[in-house]
Structures are given as C-alpha cells and as structure tokens.
> 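I'd like to ask some things about the structure below.
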There are 2 protein chains.
Amino acid sequence: MTRPPDSPGVGRRLGVDVGGTKCLGVVADDTDSVIAEFRRPTPRGLGSTAAVLNAVEDIVREAIETVGPVDSVGVGVPGLVSRAGVLRAAPNLDGIADLDVAGMLSDRLARSVIVDNDATCALVAEWSIGSGHGIDDLVLVTLGTGIGGGLVLGGDVRRGANGFAGEFGHMMVDPDGLPCPCGRRGCWERYASGSALGLFADEGGFAGGPEVLAAARSGDTAAVEIVDRFSSWVAVGLAGLANAVDPEVIVIGGGLVRDANVFFPGVERHFMTALYSADRRSLPELRLATLGERAGAIGAAMLGAAHGR
Amino acid sequence: MTRPPDSPGVGRRLGVDVGGTKCLGVVADDTDSVIAEFRRPTPRGLGSTAAVLNAVEDIVREAIETVGPVDSVGVGVPGLVSRAGVLRAAPNLDGIADLDVAGMLSDRLARSVIVDNDATCALVAEWSIGSGHGIDDLVLVTLGTGIGGGLVLGGDVRRGANGFAGEFGHMMVDPDGLPCPCGRRGCWERYASGSALGLFADEGGFAGGPEVLAAARSGDTAAVEIVDRFSSWVAVGLAGLANAVDPEVIVIGGGLVRDANVFFPGVERHFMTALYSADRRSLPELRLATLGERAGAIGAAMLGAAHGR
C-alpha cells in the first residue's frame with residue numbers, strides 16, 4: 001500500500017513507555033527513526049491509576065500538537081499484559097491490577113491504542129533495529145528497577161499462551177532467600193536488578209547503587225566486591241535462561257546498561273562458570289542493548305504501527 | 001506418496017532411547033503405534049563409550065531380525081547433542097563427551113541414523129500423540145535420574161541456536177547449594193530429580209526414593225514431609241519455566257511419573273504459590289505424560305522417520 005507523501009501523519013507512529021519513574025514518548029517515522037521525544041514523571045501513590053492514564057494521555061496530546069497527526073499509538077506498561085491489553089498485575093507500578101489500559105486509553109483518545117508489556121516492546125525494538133538485529137534465537141533481559149525481558153525463538157517473538165512470557169525477574173534463584181514485593185522469596189530481581197544493587201550497596205555502607213558503582217570504578221576494594229557479587233547474580237539468571245532456551249545472543253538492556261563498563265566484565269566472567277557445559281558448547285553471546293532508554297517507546301511505536309491502525 | 005502395502009518395512013520406523021540405566025528400542029508403524037520393543041542395560045564404567053554404541057547397534061540389529069526391514073532409525077541420547085548428532089557432553093552417561101554418535105552409528109549400520117537429545121525425543125512424542133497433543137505452547141519436563149525437557153512455542157519445537165535448549169535441570173535454584181556432577185552448585189536437578197528424592201530419603205533415614213514414596217503413600221509423617229519438600233522444589237523450577245515462557249501446558253514426564261500419585265498433588269499446590277501473580281493470570285495446566293517410559297524411543301522413531309530416510 002502506498003500513500004501520497006504529503007498526507008498528514010503518514011508513516012508517523014507514536015510510542016509511549018510507562019516506566020517506574022518516568023513515562024517516555026517518542027514519535028518515529030516510517031523508518032523507525034525518532035523525530036520527537038516527550039516525557040512526564042510517572043505518578044506514584046494514591047490515585048495513581050488515573051494519574052498514570054492522564055500522563056500517557058498528556059504525552060499523546062502534546063506529541064500530536066507538536067508534530068501533527070500520527071498513524072498509530074502504542075503503549076508499553078510494566079507488568080503482566082493480556083493479549084487484549086489489560087494490565088493484569090504491575091507490582092512496580094503501585095500494584096495496579098486488572099486495568100483495561102488499552103480500552104481506557106482508546107476511549108479517552110477516541111482512537112485505537114495498542115498496549116503491550118514494556119519489555120516485549122523493548123525486545124521488538126532491539127531485535128528490529130538494535131543490538132539483536134537479525135538474530136533468530138534471542139533473549140532480551142532488562143535490568144532496571146526490576147528485571148523484565150522477552151524471547152525471540154525460531155525467528156519470531158514468543159509471548160507464550162497468554163502473552164505473559166518473559167517474566168524472568170520472578171524466576172526463583174533462592175526459594176528461602178530475600179522477600180520480593182510479589183509475595184514470594186528469592187526472585188532473581190531481588191539479586192540482580194538496580195534495586196538489588198542498591199540494597200547490596202546500602203548493606204556495604206555505600207549510599208545506593210550509583211555510589212557503589214562510582215567507588216568500584218575508582219578501584220575501591222569493598223565496592224568492587226559488591227559489584228562482583230551483583231555480577232555473579234546477574235550471570236546466574238542469564239545462564240539459567242541460556243540453559244533453558246539456548247539463544248544465539250542475550251541482549252542486556254534496561255537502565256543499568258549505562259553503567260555496564262563497571263559490572264558487565266564480571267557478568268561475562270561469571271556467566272562462563274554458571275552455564276552448563278560451557279566448555280563443550282557454542283556459547284551464547286552477551287551483548288549490550290544499543291537503543292538505551294528509548295527502546296521501550298520505540299518498540300511500542302513499532303507494535304502500534306503493526307497492529308494499531 | 002503411496003507405496004504398495006506389501007513392501008518390506010514400509011512405514012516402519014525404529015527408535016532407540018539411551019537412558020541412564022537401560023536402552024529401549026521400539027519399532028513403530030506409520031501411525032506411530034508400537035509393534036515391537038527391545039531392550040538392553042546401558043553399559044556403565046570403563047570403556048562405556050564403545051559399549052553404549054554396541055548396545056544401540058545390538059538393538060537395531062535384533063529389531064530388524066525380528067520385524068524385518070525398517071525405513072529409518074532415530075536415537076535419543078541424554079546430553080547436549082549438536083544439530084549434526086554429536087554428543088557434546090553427557091554427565092549422566094559416564095561423562096561421554098564429543099562423541100559423533102550419528103556418524104559412528106551410521107558407519108556401523110551402513111545407513112542414515114538420526115541422533116537427538118533424549119528429552120527432545122520425548123517432547124516430540126508427547127506433543128504429537130501424548131498428553132501435549134495439539135498444544136502450541138508446551139513445556140515438557142522429564143523427572144528421572146536428572147531433569148531434562150524441551151519446549152514447543154508458537155506451534156513448533158524450539159531447540160535454540162545450537163539444539164541445546166531444554167537443559168532445565170541445570171538452571172540454578174540455589175547457587176550456594178548442593179554440588180552437581182556438572183561442576184556447578186544448586187542445579188535444579190539436585191533438588192527435584194529422582195536422584196534428589198533418593199538423597200532426601202537417605203538423609204531422612206529411608207533407604208532411597210522408592211522406600212520414602214512407599215512410606216508416604218501409607219501416611220508416614222516423616223516420609224510425607226520429605227515428599228512435600230521434594231514437591232516444592234519441583235514446583236520452584238516449573239514456576240520459573242512458566243514465568244519465562246508462559247506455556248499453556250506443562251507435561252511432567254520421566255521415570256518418576258510412575259509415582260505421581262504420591263508427589264504430584266503437592267507439586268500442583270506449591271506451583272500456585274511459586275508462580276508469579278498466580279491469582280491474576282491464566283494458569284499453565286500441569287499434566288502427566290501419557291507415553292510412559294517409551295516416550296523417548298517413540299519420539300526418536302518419529303524424528304528418524306521425519307529426517308532419516
């Protein structure tokens with residue numbers, strides 16, 4: 001299908017990524033290049049359900065006022081999202097549950113809005129135009145406030161029976177371990193997310209993740225040890241995923257990638273010892289995501305464009 | 001393609017499953033019904049590499065002598081099998097490594113022999129004609145001496161980039177935990193396999209897995225507690241897999257299925273508490289395998305018939 005090039009909004013797609021701290025919107029053109037960006041803080045606390053929807057609506061309206069009409073709107077949200085776009089559970093979003101995000105945003109904006117899991121959006125973006133480009137068997141793991149992710153196997157995104165695949169952060173790595181806000185114990189994201197690094201840092205006398213990373217960067221022995229412990233936990237989960245699905249590439253994304261130079265060499269080293277029969281197999285390649293904080297929004301725009309006209 | 005019904009061997013396919021204790025061969029007809037069965041103990045100890053190949057060769061020759069020619073031969077072996085049929089590592093088979101099983105058996109038998117991972121064979125069988133029939137998003141977990149498995153996602157078997165997917169037994173559920181023959185610690189199969197149940201039983205004063213299962217069946221409190229602990233470890237790994245790939249069905253196979261009436265209710269109960277957001281999602285259904293100990297051999301026959309003419 002071709003359209004005249006001067007039609008308003010032709011090929012422009014809007015994507016919004018609802019994160020734990022901010023909502024980021026991008027308008028991309030039909031080559032998936034970002035031509036404009038918009039952001040709002042993610043509202044927290046009482047009444048946050050309506051406030052989060054308001055923030056997304058504001059971004060959509062501001063984007064259209066600024067760049068003109070868009071062909072499609074896609075939104076990524078952190079949590080279990082049904083195939084119909086209902087947010088079933090979002091522990092990192094004040095526990096929002098059973099919210100028909102797709103239906104409510106479609107009503108408010110009087111247009112079709114596609115809603116998907118935020119990590120699935122990031123997977124689609126990194127797989128299509130990022131560091132997983134062209135890989136048929138790919139795992140994306142996002143290290144941020146929590147841990148999310150997604151799978152490409154046999155050349156297509158695998159969302160599972162209900163669209164809930166990729167909840168890697170809640171795979172248990174120590175069932176008698178640290179309590180998780182999800183109600184279980186020993187979930188991987190309690191040991192290998194940004195929140196976990198912050199906890200390890202606090203226990204070691206540092207004021208949070210950024211401080212321990214800075215200290216490790218300048219060679220502080222205690223900080224290096226804490227970061228190494230964190231890296232080994234990251235590797236435990238990555239190796240488990242590699243044992244389970246044998247990806248060609250594992251892409252590490254999420255906010256922690258900014259500090260990858262500090263912790264990533266340790267992850268690569270520990271991965272070799274955590275992976276089953278590492279010395280006798282082709283090894284999955286560990287890569288860093290290349291789309292940065294925009295991955296989720298770009299992927300949301302792509303999914304919106306694919307399904308949401 | 002049709003062939004005259006009286007052609008020798010038409011539609012008959014031979015499959016051999018090399019297990020930790022026995023090698024089981026089946027001849028199936030073109031509807032995958034088993035028409036004959038052959039077995040040998042799996043040789044262990046010094047010189048076992050050649051002895052294992054001898055055992056498989058013996059079964060193939062005996063089968064052909066007994067039922068007449070077969071169209072194809074498939075063999076399932078426990079360990080990492082490359083797409084070319086090389087057994088890269090087999091910790092539960094005396095550590096056989098880098099053995100070109102497909103090439104060596106093809107030479108010995110002067111015909112094409114297809115070799116694949118034993119759990120992949122079982123997956124193909126249970127998915128095609130067993131309790132996973134018709135399921136597009138399916139996980140098979142085999143509980144035996146170790147833990148193996150495989151994945152069907154999006155309606156096809158997903159073997160990963162190198163064919164090594166499904167090594168669920170070596171996902172770590174406690175990185176500081178029990179040592180594993182694979183060289184790591186805390187692998188799931190140290191807690192949730194037949195070997196693990198045997199260890200728990202010994203620790204509790206019972207003489208191995210069968211005795212503790214029998215005692216639990218007759219209501220012995222200590223035995224019930226041991227089996228419950230075992231069941232909870234099985235559930236931890238199943239929940240991790242469900243979090244990762246969101247299957248519609250998880251099929252539990254392997255030798256332990258014979259005693260499922262003792263431990264499976266506990267697995268189902270613990271699975272509900274181990275699964276992320278179990279109360280807010282469609283739950284994967286846990287099913288028992290239906291093909292019993294023949295699953296691997298039947299699947300090997302199927303894979304041989306599909307690829308091995």
Side-chain angles (χ1 to χ4, degrees), chain A residues 79-80 82 88-89 91 97-98 135-138 149 151 153-154 156-177 180 182-184 186-188 232-233 236-237 239-249 273-277 279-282 284, chain B residues 79-80 82 88-89 91 97-98 135-138 149 151 153-154 156-177 180 182-184 186-188 232-233 236-237 239-249 273-277 279-282 284:
Chain A
L80 293 179
S82 78
R88 288 281 174 217
D98 292 327
I135 304 297
D136 280 349
D137 295 288
L138 173 71
L151 300 161
L153 293 173
D156 212 342
V157 176
R158 303 298 167 191
R159 298 150 176 278
N162 310 286
F164 301 159
E167 289 294 341
F168 306 143
H170 297 280
M171 300 173 74
M172 288 185 194
V173 293
D174 183 0
D176 297 319
C180 185
C182 79
R184 275 148 288 270
C187 294
W188 185 34
S232 80
W233 279 112
V236 161
L241 290 168
N243 290 334
V245 304
D246 184 26
E248 181 181 348
V249 171
T273 59
L275 182 68
Y276 172 60
S277 287
D279 53 338
R280 298 204 171 273
R281 63 192 289 169
S282 309
Chain B
L80 293 179
S82 77
R88 289 282 174 214
D98 292 326
I135 303 296
D136 280 349
D137 296 288
L138 173 72
L151 300 161
L153 293 173
D156 211 344
V157 176
R158 304 298 167 189
R159 298 151 175 276
N162 310 287
F164 301 158
E167 290 294 342
F168 306 142
H170 296 282
M171 300 173 74
M172 288 184 192
V173 293
D174 182 2
D176 298 318
C180 185
C182 78
R184 275 147 290 269
C187 294
W188 184 33
S232 80
W233 279 112
V236 161
L241 290 168
N243 290 334
V245 305
D246 184 27
E248 181 181 348
V249 171
T273 59
L275 183 67
Y276 173 58
S277 287
D279 52 338
R280 299 204 170 274
R281 64 192 289 169
S282 310

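Model, not experiment: these values are computed from the prediction. Below, chains carry the letters A, B, ... as their sequence lines are ordered, and counting in each starts from 1.
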> Using heavy-atom distances under 4.5 Å, tell me whether B/Leu153 contacts chain A through its side chain, its backbone, both, or neither.
both
> Give the minimum heavy-atom separation between A/Leu151 and B/Ala244, together with the two atoms involved.
CD1-O, 3.6 Å
> At a 4.5 Å cut-off on heavy atoms, which part of A/Arg158 comes close to chain B: side chain, backbone, both, or neither?
side chain
> List the atom of B/Pro247, the atom of A/Ala161, and the distance in Å for their closest heavy-atom pair.
C-CB, 3.9 Å
> Could you look at B/Leu275 and say if it's the side chain, the backbone, both or neither that has a heavy atom under 4.5 Å from chain A?
backbone
> Where on B/Ala239 is there a heavy atom nearer than 4.5 Å to chain A: the side chain, the backbone, both, or neither?
neither
> Checking B/Trp233 against chain A: side chain, backbone, both or neither under 4.5 Å from a heavy atom?
side chain
> How far apart are the closest heavy atoms of B/Leu80 and A/Ser277, and which atoms are they?
CD1-CB, 3.5 Å
> Rounded to the nearest 0.5 Å, how far apart are CG of B/Asp156 and CG of A/Asp156?
12.0 Å
> For A/Asp246, check side-chain hydrogen bond (donor to acceptor under 3.5 Å, both in side chains) against everything at least two apart and list the hits.
B/Asn162
> I need the single residue from B/Cys187, B/Cys182, B/Cys180 that forms a side-chain contact (heavy atoms from CB on, under 4.5 Å) with A/Tyr276. Which is it?
B/Cys182
> Given a strict heavy-atom distance threshold of 4.5 Å, which part of B/Arg281 is in contact with chain A: side chain, backbone, both, or neither?
both
> May I have the list of side-chain donor-acceptor pairs in residues 166-175 of chain A shorter than 3.5 Å, sequence neighbours left out?
residue  : atom : partner  : partner atom : Å
A/Asp174 : OD1  : A/Asp176 : N            : 3.3

> Does any backbone or side-chain atom of A/Thr273 lie under 4.5 Å from a heavy atom of chain B? Answer side chain, backbone, both or neither.
backbone
> With a 4.5 angstrom heavy-atom cut-off, which part of B/Ser82 approaches chain A: side chain, backbone, both or neither?
neither
